[in-house]
Asks: 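To start, I am sharing the structure in question, which I have written as structure tokens.
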2 protein chains.
Amino acid sequence: MAFQRNGAALAARIDAPSLPLDTILLGDCIAELEKLPAASVDLVFADPPYNLQLQGDLRRPDQSLVDAVDDAWDQFESFQAYDAFTRAWLLAVRRVLKPTGTLWVIGSYHNIFRVGASLQDLGYWILNDVVWRKTNPMPNFRGRRFTNAHETMIWASRGADAKGYTFNYEALKAGNEDLQPRSDWLFPICSGAERLKGLDGRKAHPTQKPEALLARVLLSASKPGDVVLDPFFGSGTTGAVAKRLGRHFIGVERDRDYAAAATARIAAVVPESEESIAQAPAKREAARVAFATVVERGLVPPGTRLTDERGRHEAIVRADGTLGFGAVIGSIHRIGAIVQGREACNGWTFWHVAEGRTLKPIDAFRDVIRAEGALAG
Amino acid sequence: MAFQRNGAALAARIDAPSLPLDTILLGDCIAELEKLPAASVDLVFADPPYNLQLQGDLRRPDQSLVDAVDDAWDQFESFQAYDAFTRAWLLAVRRVLKPTGTLWVIGSYHNIFRVGASLQDLGYWILNDVVWRKTNPMPNFRGRRFTNAHETMIWASRGADAKGYTFNYEALKAGNEDLQPRSDWLFPICSGAERLKGLDGRKAHPTQKPEALLARVLLSASKPGDVVLDPFFGSGTTGAVAKRLGRHFIGVERDRDYAAAATARIAAVVPESEESIAQAPAKREAARVAFATVVERGLVPPGTRLTDERGRHEAIVRADGTLGFGAVIGSIHRIGAIVQGREACNGWTFWHVAEGRTLKPIDAFRDVIRAEGALAG
DNA sequence: TCCCGAGATGAATCTCATA
DNA sequence: GTATGAGATTCATCTCGGG
């Protein structure tokens with residue numbers, strides 16, 4: 001994997017001749033990191049084990065079994081053991097980071113609080129926490145919690161006094177309809193053709209991250225020719241995106257199969273042209289607005305009487321954003337369907353609020369909220 | 001602040017006569033919590049300080065380049081103090097929480113990782129982390145980081161084995177376009193008329209939370225008449241929303257001015273009508289009806305042929321309310337599972353009776369009996 | 001070739017009353 | 001305490017096969 005066409009890449013090589021650029025180091029992450037020269041890496045992206053503590057099987061409503069992450073590498077005896085592991089790799093990473101370098105770590109509520117506290121303890125300085133909102137998370141099948149629809153990334157510098165880290169503010173802003181880049185990002189999970197498959201046709205790695213996520217990270221906090229280290233390389237998303245975007249990568253992975261899959265994957269990546277690397281546009285989606293939000297904002301207060309356009313049917317707005325029709329309670333759509341004796345109904349256009357002598361569809365209140373939420377890609 | 005019109009509220013008073021319901025306790029949060037009876041509170045919402053007296057300590061005193069180890073040690077000392085404070089109030093809260101009670105904590109990246117790690121260490125069991133995305137966050141003026149556009153809430157039960165916590169799944173789903181509620185919420189920050197002002201016209205409290213956010217929390221994880229405790233009461237948003245939604249509150253606040261402002265604020269709150277607050281009974285809470293009862297009433301006579309929705313499988317109703325599938329006899333659920341070769345099955349929704357040309361799920365007959373029971377009760 | 005429906009699947013700490 | 005069994009529970013997206 002050569003980047004000779006890139007002047008910055010050549011310079012990096014001369015500065016740090018012993019860096020194993022664009023290669024995967026097969027072995028334990030801490031041992032391998034200790035072989036690298038100090039202060040040699042511009043950016044670290046780490047996707048450590050999450051320490052999920054899963055109890056039994058989980059089945060979907062159709063009784064099919066959820067393919068859980070039950071791999072040995074995600075098993076820890078205790079929080080203490082997990083913390084010790086976390087501190088060890090965070091320290092090893094800190095040594096190889098340049099003074100201007102920054103670290104990204106991704107995790108879920110199972111581990112991210114421990115990681116965050118540990119990195120603060122070790123002197124890292126948090127610049128942001130960034131939320132990856134998933135457009136298509138796995139649902140909560142038992143209806144006993146909120147759908148776990150996001151993961152958290154922590155972006156940190158080596159210390160409070162670390163200056164000169166890379167943040168491509170202007171480019172990010174230009175790519176975000178001239179709005180400042182925010183700490184909440186929206187991406188689909190990795191699936192379809194992008195998802196690496198084994199010979200058996202099954203996913204090659206249980207937790208492969210989407211390339212779009214890594215692209216946003218690298219475009220935010222690194223420059224072309226920079227060295228990006230991933231101590232938990234896995235299926236090699238960091239390497240694939242780094243190659244595509246003209247960055248160097250160093251991966252550490254202890255599983256031989258993952259490393260082999262990543263090598264083949266990265267070999268197939270075609271780097272973008274230098275001109276196109278400057279920018280990555282952000283796509284915007286129409287926001288879905290819940291009626292509960294309309295109620296919570298006080299745009300349609302609880303107790304309000306809704307009617308259809310002709311005033312034939314009516315229902316009462318409840319505090320939780322449902323409607324009450326006599327003793328029956330349900331969504332604006334359900335109740336709309338019930339009062340008409342139909343299978344389905346678009347509650348947004350069916351239900352109206354009296355405003356003076358006229359009736360206003362509740363759909364109108366959505367626009368108010370959408371106007372606010374337009375900021376939030 | 002009386003809730004005499006509410007039967008549940010009266011009962012709560014009788015059950016726990018020493019609970020200072022709907023009042024603000026002026027004093028140190030830990031000392032005040034220790035005066036409350038154990039296992040007496042249904043829900044805790046906590047918005048703890050993250051700068052406290054520690055702010056100077058949390059930051060590096062000078063910008064000089066110090067040895068990294070010394071640097072880490074300095075920070076560890078001050079983080080340690082914050083952690084001690086955090087553990088103390090988390091422990092005090094844990095004592096007053098009912099076994100079925102849950103805790104919400106809100107914070108930003110400055111403190112939330114420490115809070116999350118501490119509460120895991122103390123045995124709390126995280127149910128979700130929930131992200132409050134702000135429609136209108138304060139911009140990042142220097143353009144050196146992402147706009148900090150969210151805060152994080154942690155929702156936790158007392159322990160991994162704590163069952164029976166309140167989660168109003170069906171109501172939340174009905175209020176969200178009939179989609180299950182997600183872990184990312186979108187609300188504006190508290191501003192305008194909702195923002196409490198002092199006599200000088202300036203904001204009365206620096207971190208007043210929006211009522212819509214608290215409303216979502218209370219509607220998600222509490223029932224009418226529940227006791228909601230806020231150990232860092234501040235401007236009293238928790239109390240105002242609790243009163244509006246027919247929940248009791250207990251606030252602890254050590255600042256006399258904040259407590260006074262909160263008292264006045266809450267006195268002006270008009271509770272919602274009982275109808276708009278009353279909860280629809282969740283399906284899992286509905287009265288159980290045995291299939292034998294359905295058969296005994298003749299709603300589905302013995303000998304009836306049941307099929308699945310597609311007519312692929314069939315079974316015969318027996319007089320005792322079991323099903324026969326060839327020589328195999330069992331409950332509607334067991335036989336439903338067996339004919340499909342599955343572990344489990346909800347026989348109520350799986351099995352259908354022919355009615356004219358259409359198929360009707362046997363679940364429909366349960367409603368008939370429940371309706372009778374409602375009349376009797 | 002295109003359309004449609006059925007099936008599969010994703011970092012998941014996923015029940016509860018009764019005996 | 002534990003064991004048992006009733007019965008409640010999913011959204012967006014991609015793949016594949018048949019018409």
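Model, not experiment: these values are computed from the prediction. Every chain is numbered from 1 and lettered A, B, ... according to where its sequence line falls, protein lines coming before strand lines.
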Asks: If each of A:Pro188 and B:Glu170 is mapped to the nucleotide of DNA chain D with the nearest heavy atom, which maps nearer the 5' terminus, i.e. the 5' end?
Replies: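 This one resolves to B:Glu170.
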Asks: Taking only the C1' atom of each, what is the distance from C:dA11 to D:dT15 in whole angstrom?
Replies: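 Straight-line distance between the two C1' atoms is 23 Å.
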Asks: Identify whether any heavy atom of A:Pro48 sits under 4.0 Å from a base atom; if not, whether one sits that close to sugar-phosphate; answer base, sugar-phosphate or nothing.
Replies: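 Since a base atom lies under 4.0 Å of A:Pro48, the category is base.
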Asks: Identify which nucleotide among D:dC11, C:dC14, C:dC16 has an atom closest to any side-chain atom of A:Arg145, counting heavy atoms from C-beta outward.
Replies: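 Nearest to the side chain of A:Arg145 among the choices is C:dC14.
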Asks: Could you state the CD1-P distance from A:Ile112 to C:dA11, rounded to the nearest angstrom?
Replies: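 These atoms are roughly 16 Å apart.
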Asks: Is A:Asp67 salt-bridged to A:Lys203, cutoff N-O under 4.0 Å?
Replies: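 Yes, A:Asp67 and A:Lys203 are salt-bridged.
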Asks: Report the distance from atom CZ of B:Arg366 to atom P of D:dG7, rounded to the nearest whole Å.
Replies: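 Value for this atom pair: 6 Å.
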Asks: Give B:Ile332 one of three labels, base, sugar-phosphate or nothing, depending on what nucleic acid heavy atoms sit under 4.0 Å from its own.
Replies: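 If one applies the 4.0 Å heavy-atom cut-off, B:Ile332 turns out to touch nothing in the nucleic acid.
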Asks: How long is the line joining NZ of A:Lys134 and P of D:dT13, in whole Å?
Replies: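 Those two atoms, NZ and P, are 14 Å apart.
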Asks: Just compare D:dG7, C:dA12, C:dA11 and give me whichever is closest to any side-chain atom of A:Thr207.
Replies: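 Output: C:dA11.
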Asks: Can you list the residues that meet the side-chain hydrogen bond (donor to acceptor under 3.5 Å, both in side chains) rule with A:Thr237, with sequence neighbours excluded?
Replies: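 Checked A:Thr237 against side-chain hydrogen bond (donor to acceptor under 3.5 Å, both in side chains); matches are A:Arg265.
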Asks: Classify the nucleic acid contact of A:Gly56 as base, sugar-phosphate or nothing, counting any heavy atom under 4.0 Å across all strands shown.
Replies: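 Base: the residue A:Gly56, judged by heavy atoms under 4.0 Å, touches a nucleobase.
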Asks: In terms of the nearest nucleotide of DNA chain C, which residue is placed more toward the 5' end: B:Arg284 or B:Arg312?
Replies: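 The residue mapped nearer the 5' terminus is B:Arg312.
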Asks: Just the rounded figure in Å: distance from C1' of C:dA8 to CZ of A:Phe141.
Replies: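 Answer to the nearest Å: 11 Å.
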Asks: Considering every strand and a 4.0 Å limit on heavy-atom distances, what is the contact class for B:Glu343: base, sugar-phosphate, or nothing?
Replies: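 Here B:Glu343 touches no strand at all.
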Asks: When you measure from the side chain of A:Asp74, which nucleotide among C:dA12, C:dA11, D:dC11 comes out closest?
Replies: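 Nucleotide nearest to A:Asp74's side chain: C:dA11.
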Asks: If you assign each of A:Gly143 and A:Trp73 to its closest nucleotide in DNA chain C, which residue comes earlier from the 5' end?
Replies: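 By nearest-heavy-atom nucleotide position, the 5'-most residue is A:Trp73.
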Asks: Scan A:Lys209 against the nucleic acid and name what it touches under 4.0 Å (heavy atoms): base, sugar-phosphate only, or nothing.
Replies: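 If one applies the 4.0 Å heavy-atom cut-off, A:Lys209 turns out to touch a base.
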Asks: Classify the nucleic acid contact of A:Ser108 as base, sugar-phosphate or nothing, counting any heavy atom under 4.0 Å across all strands shown.
Replies: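 Since no nucleic acid heavy atom lies under 4.0 Å of A:Ser108, the category is nothing.
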Asks: How would you label the contact of A:Thr147 with the nucleic acid (heavy atoms, under 4.0 Å): base, sugar-phosphate, or nothing?
Replies: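 If one applies the 4.0 Å heavy-atom cut-off, A:Thr147 turns out to touch nothing in the nucleic acid.
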Asks: Closest to the A:Pro61 side chain: D:dA12, C:dA11, D:dT9?
Replies: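 Of D:dA12, C:dA11, D:dT9, D:dT9 is nearest to the side chain of A:Pro61.
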Asks: Taking NZ, NE, NH1 and NH2 as the nitrogens, is one of them in B:Asp308 or B:Arg310 under 4.0 Å from a carboxylate oxygen of the other?
Replies: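 No salt bridge links B:Asp308 with B:Arg310.
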Asks: Between C:dG10, C:dG7, C:dA12, spot the one nearest the side chain of A:Lys203, thanks.
Replies: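 So the side chain of A:Lys203 is nearest to C:dG10.
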Asks: Look at all strands and tell whether B:Asn346 reaches a base, only sugar-phosphate, or nothing, counting heavy atoms closer than 4.0 Å.
Replies: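 Base, at least one base heavy atom under 4.0 Å.
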Asks: For residues 326-348 of chain B, which residue pairs qualify under salt bridge (Lys or Arg N to Asp or Glu O under 4.0 Å), counting only residues two or more places apart or in two chains?
Replies: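 Found none.
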Asks: Calculate the interatomic distance between A:Gln63 atom CD and C:dT15 atom P; express it in whole Å.
Replies: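 For the pair A:Gln63 CD and C:dT15 P, the rounded distance is 13 Å.
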Asks: Between D:dA12 atom P and A:Arg60 atom CZ, what is the distance in whole Å?
Replies: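 So the CZ-P distance, A:Arg60 to D:dA12, works out to 15 Å.
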Asks: Measure from the side-chain heavy atoms of A:Ala68 and tell me the nearest of D:dC11, C:dA12, D:dA6.
Replies: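 Selected nucleotide: C:dA12.
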Asks: In the strands shown, is C:dA8 matched to any nucleotide by a Watson-Crick or G-U wobble pair with both distances under 3.5 Å, and which?
Replies: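 Result: D:dT13.
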Asks: How far does the P atom of C:dA12 sit from the matching atom of D:dA8, given to the nearest Å?
Replies: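 Per the computed distance, 26 Å lies between those P atoms.
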Asks: Heavy atoms from C-beta onward define the side chain here; which of C:dA12, C:dC16, C:dA11 lies closest to that of B:Lys163?
Replies: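 Of the options given, the side chain of B:Lys163 lies nearest C:dC16.
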Asks: Would you say A:Arg288 reaches D:dA12's phosphate, i.e. side-chain N/O to OP1/OP2 under 4.0 Å?
Replies: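 For A:Arg288, the contact criterion (side-chain N or O under 4.0 Å from OP1 or OP2 of D:dA12) is met.
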Asks: Would you say a side-chain N or O of A:Ser191 is under 4.0 Å from OP1 or OP2 of C:dG10?
Replies: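 False: A:Ser191 side-chain N/O out of range (4.0 Å or more) of C:dG10 OP1/OP2.
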Asks: Taking a pair as Watson-Crick or G-U wobble with both distances under 3.5 Å, which nucleotide is matched to C:dC14?
Replies: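 Its partner: none found.
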Asks: Any luck finding a side-chain donor-acceptor pair between A:Ser108 and A:His110 under 3.5 Å?
Replies: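 Yes, A:His110 and A:Ser108 have a side-chain donor paired with an acceptor closer than 3.5 Å.
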Asks: For D:dG7, take OP1 and OP2 only and decide whether either is under 4.0 Å from a side-chain N or O of B:His333.
Replies: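 So the side chain of B:His333 is within the cut-off, an N or O lying under 4.0 Å from OP1 or OP2 of D:dG7.
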Asks: Name the nucleic acid region contacted by B:Ala290, choosing base, sugar-phosphate or nothing; use a 4.0 angstrom heavy-atom cut-off, strictly under.
Replies: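 Nothing, no nucleic acid heavy atom in range.
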Asks: Scan every strand shown for a Watson-Crick or G-U wobble partner of D:dG7, both distances under 3.5 Å, and answer none if you come up empty.
Replies: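 Matched D:dG7 with nothing under the 3.5 Å cut-off.
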Asks: Base, sugar-phosphate, or nothing: which does A:Trp132 touch, judged by heavy atoms less than 4.0 Å apart?
Replies: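 Touches nothing.
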Asks: Whole Å only: how far is the CG atom of A:Asp67 from the P atom of C:dG10?
Replies: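 Whole-Å distance recorded here is 6 Å.
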Asks: Take B:Asp320 and B:Arg318 through the salt bridge (Lys or Arg N to Asp or Glu O under 4.0 Å) test and state the conclusion after the steps.
Replies: CA-CA 6 Å; B:Asp320 60 3; B:Arg318 296 155 43 80; 3.7 Å; yes
Asks: So what does B:Asp178 touch, heavy atoms closer than 4.0 Å: a base, only the sugar-phosphate, or nothing?
Replies: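 Sugar-phosphate contact only - B:Asp178 comes under 4.0 Å of backbone atoms but never of a base.
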Asks: Expressed in angstrom and rounded to an integer, what is the separation of A:Asn140 atom CG from D:dT10 atom C1'?
Replies: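 Computing the A:Asn140:CG to D:dT10:C1' distance gives 9 Å.
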Asks: Distance check, P atoms only: D:dG7 and C:dC14, in whole angstrom units.
Replies: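 Their P atoms lie roughly 23 Å apart.
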Asks: Would you indicate which nucleotide in C:dT9, C:dT15, D:dA12 comes nearest to any side-chain atom of A:Asp62?
Replies: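 So the nucleotide nearest the side chain must be C:dT9.
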Asks: Do we get A:Arg133 above A:Trp185's six-membered ring, with its NZ or CZ under 6.0 Å from the centre and within 45° of the axis?
Replies: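 Because its charged atom misses either the 6.0 Å distance or the 45° angle limit, A:Arg133 does not stack over A:Trp185.
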Asks: Could you please name the option among D:dT9, D:dT15, D:dG7 that lies closest to any side-chain atom of B:Tyr169?
Replies: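 Per side-chain heavy atoms of B:Tyr169, the pick is D:dT9.
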Asks: Are B:Asp226 and B:Lys223 ion-paired here, with the side-chain N under 4.0 Å from a carboxylate O?
Replies: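 A salt bridge is absent here (no side-chain N lies under 4.0 Å from a carboxylate O).
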